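Note that the structure is predicted; figures quoted are calculated from it, not measured.
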Amino acid sequence: SSPSLLPPPYLFFLLPISSSSLPPPLPPSRSGTMTGFRSLLARLTIAELLKTLTENDFFYVIRVDSNPRPFGCLNRTRASHENILSMNSLLMSSKPSPSTGGSADYQKGLEVSFEALNKSAECHAVMAIFADDDADIIASGVRKYTASKQVRIFTFQVGTSIKKQPGLVDIATTNGGMFWHLEDYTDIFPAINDFGWELRKQSSAAVFVNRYRNTFGNLVLSLSTPVIHHGNTSTHLGVMGVDVPLKTLSHIIQRQLGSAGYGFMVDNNGQLVIHPLLKKGWVRPRP
C-alpha cells in the first residue's frame, strides 16, 4: 500500500522481568532476565515510548520470563490517555513472579507476539525488544517468525556492564528499525525522540489528536501532518500542525435543529468530542 494508506501501528514491547538478583544457570534456549537498575531503566523507557503514541495506535506489553504473558489484563489496547496511564502504573508497580526462575524465554515471548499479530492483519506491526545480552537467542526467534510476517523491529540494549551486542544491532537494521544502547537515564529521551520520528516518517497521513488542554488551559483539537519533499527520493522536512479551539467548533456544530434536534461530534474511535450533554470537568487535562 502507499505510505498515506498505512493502517495504525500495533506496537509490541518485549520486556524481561526478573524474579531474583542472581539468576541460576539457564538452558540454551533462554536468556537471563533484567534486575535492579536495568529493569527500572527498561520500564521507564517503555513508559515514555507509550507517550509518543496517538489514540489511533494500539500497544501490547509482554512480560518475558519463563512464562511470557501480557502485563495485567491489557492485551491489544488502544493508546488512549487513560490506558497509557494504567499501563505505566502496572509497569512501575510490577513485581517479579516467583515462578520465573530468573530466565527470560524470548522464543515463547516472540511466539505470543506473533500469535496476536496474526489476529490483527489490519495493522502494521512494530516491535520493541529490550535485552541485555544473548542476542543470538533472540535473533533465531526473530528469523523464525519474520520469514512469514513483516515487522519493524527496534532493539534496546540495557546496561553498562556489557559491550554493544552486534546481534541486537543486526536484528534492528535488517528489520527496518533502529538500535539504542541505554546505559543511564540520560539515554532515554534521545532514544524516545528518534523512535517517535522513525515510527511516523513512513506515513504521510495526517494525525488527529482529540480534545486536550493546551498550555493556556483551553480545550483544543490538534491536526498535524508531515511535510515531505517528493523528488527523486522522498525527504521529510518537518511537521506542520494546527490547533482548533473546541469553543469555535461548538459554535458551528451546536445549533438548534428543529424543535428538539441538536448537532454533536464524535471522533473515529467513537469518543464524544462535542455534545450538549457533556458537562464541564468531564475532560481531564493531558500532561
Side-chain angles (χ1 to χ4, degrees), residues 8-18 33-64 70-72 74-95 104 109 113 123-132 151-160 164 168-169 171-172 176-203 207 209-210 212-215 222 224 226 239 241 284-287:
Y10 187 5
L11 289 102
F12 286 78
F13 300 91
L14 274 68
L15 174 65
I17 295 291
S18 176
T33 51
M34 291 181 189
T35 60
F37 176 72
R38 287 178 298 167
S39 175
L40 177 60
L41 191 60
R43 284 181 283 170
L44 286 172
T45 303
I46 292 178
E48 293 300 325
L49 288 172
L50 290 175
K51 294 177 184 178
T52 69
L53 306 183
T54 74
E55 293 193 353
N56 291 323
D57 302 331
F58 296 86
F59 66 88
Y60 193 52
V61 183
I62 299 175
R63 178 188 184 120
V64 182
F71 267 87
L74 299 177
N75 293 321
R76 171 174 167 163
T77 308
R78 187 167 61 85
S80 67
H81 181 57
E82 292 76 13
N83 289 339
I84 289 174
L85 287 178
S86 296
M87 176 53 70
N88 287 348
S89 177
L90 283 172
L91 284 169
M92 293 300 106
S93 63
S94 64
K95 295 181 179 180
S113 300
C123 293
H124 74 276
V126 177
M127 188 173 293
I129 300 177
F130 290 77
D132 48 12
V151 181
R152 292 191 74 194
I153 299 179
F154 297 84
T155 55
F156 295 80
Q157 180 181 328
V158 186
T160 58
K164 182 192 291 187
L168 290 176
V169 178
I171 290 169
M178 293 181 68
F179 165 85
W180 294 276
H181 190 177
L182 305 175
E183 299 183 274
D184 206 341
Y185 296 119
T186 56
D187 296 322
I188 293 178
F189 288 102
I192 300 304
N193 290 334
D194 290 343
F195 178 85
W197 175 252
E198 282 293 319
L199 186 65
R200 304 296 171 188
K201 77 175 187 179
Q202 280 193 341
S203 175
V207 175
V209 179
N210 204 341
Y212 67 96
R213 294 190 187 277
N214 62 15
T215 54
S222 290
S224 60
V239 178
R284 292 189 293 274
R286 289 175 180 263

**Student:** Nearest 0.5 Å, what's the CG-CD distance between L50 and E48?
**Tutor:** 9.0 Å

**Student:** Could you check whether any side-chain N or O of R152 sits under 3.5 Å from a backbone N or O of V126, counting only pairs where one atom can act as donor and the other as acceptor?
**Tutor:** no

**Student:** Where do N83 and R78 come nearest, in terms of heavy atoms and distance?
**Tutor:** ND2-O, 2.9 Å

**Student:** In Å, rounded to the nearest 0.5 Å, how long is the span from CG of D187 to CZ of F156?
**Tutor:** 11.5 Å

**Student:** Is there a donor-acceptor pair under 3.5 Å between the side chain of S86 and the backbone N or O of E82?
**Tutor:** yes

**Student:** Between OG1 of T155 and NE2 of H181, what distance do you get to the nearest 0.5 Å?
**Tutor:** 11.0 Å

**Student:** Do the rings of F13 and F195 sit parallel, tilted or perpendicular, given the 30° and 60° boundaries?
**Tutor:** tilted

**Student:** Restricting to side-chain contact (heavy atoms from CB on, under 4.5 Å), what partner residues turn up for A47, sequence neighbours left out?
**Tutor:** N88

**Student:** Is the shortest side-chain heavy-atom distance between F130 and L182 below 4.5 Å?
**Tutor:** yes

**Student:** So how far is it from I129 CD1 to S113 OG, rounded to the nearest 0.5 Å?
**Tutor:** 8.0 Å

**Student:** Mind checking what makes side-chain contact (heavy atoms from CB on, under 4.5 Å) contact with Y185, not counting sequence neighbours?
**Tutor:** F37, L40, L41, L44, I188

**Student:** Could you grab the distance from atom CG of D194 to atom OG1 of T52, nearest 0.5 Å is fine?
**Tutor:** 11.5 Å

**Student:** Distance-only, no hydrogens or angles: does the R38 side chain make a donor-acceptor pair with backbone N or O of G159 under 3.5 Å?
**Tutor:** no

**Student:** Nearest 0.5 angstrom please: W180 CH2 to T45 OG1, how far?
**Tutor:** 10.5 Å

**Student:** When you measure from the side chain of D57 to the backbone of A79, do you find a donor-acceptor pair of N or O atoms at a distance under 3.5 Å?
**Tutor:** no

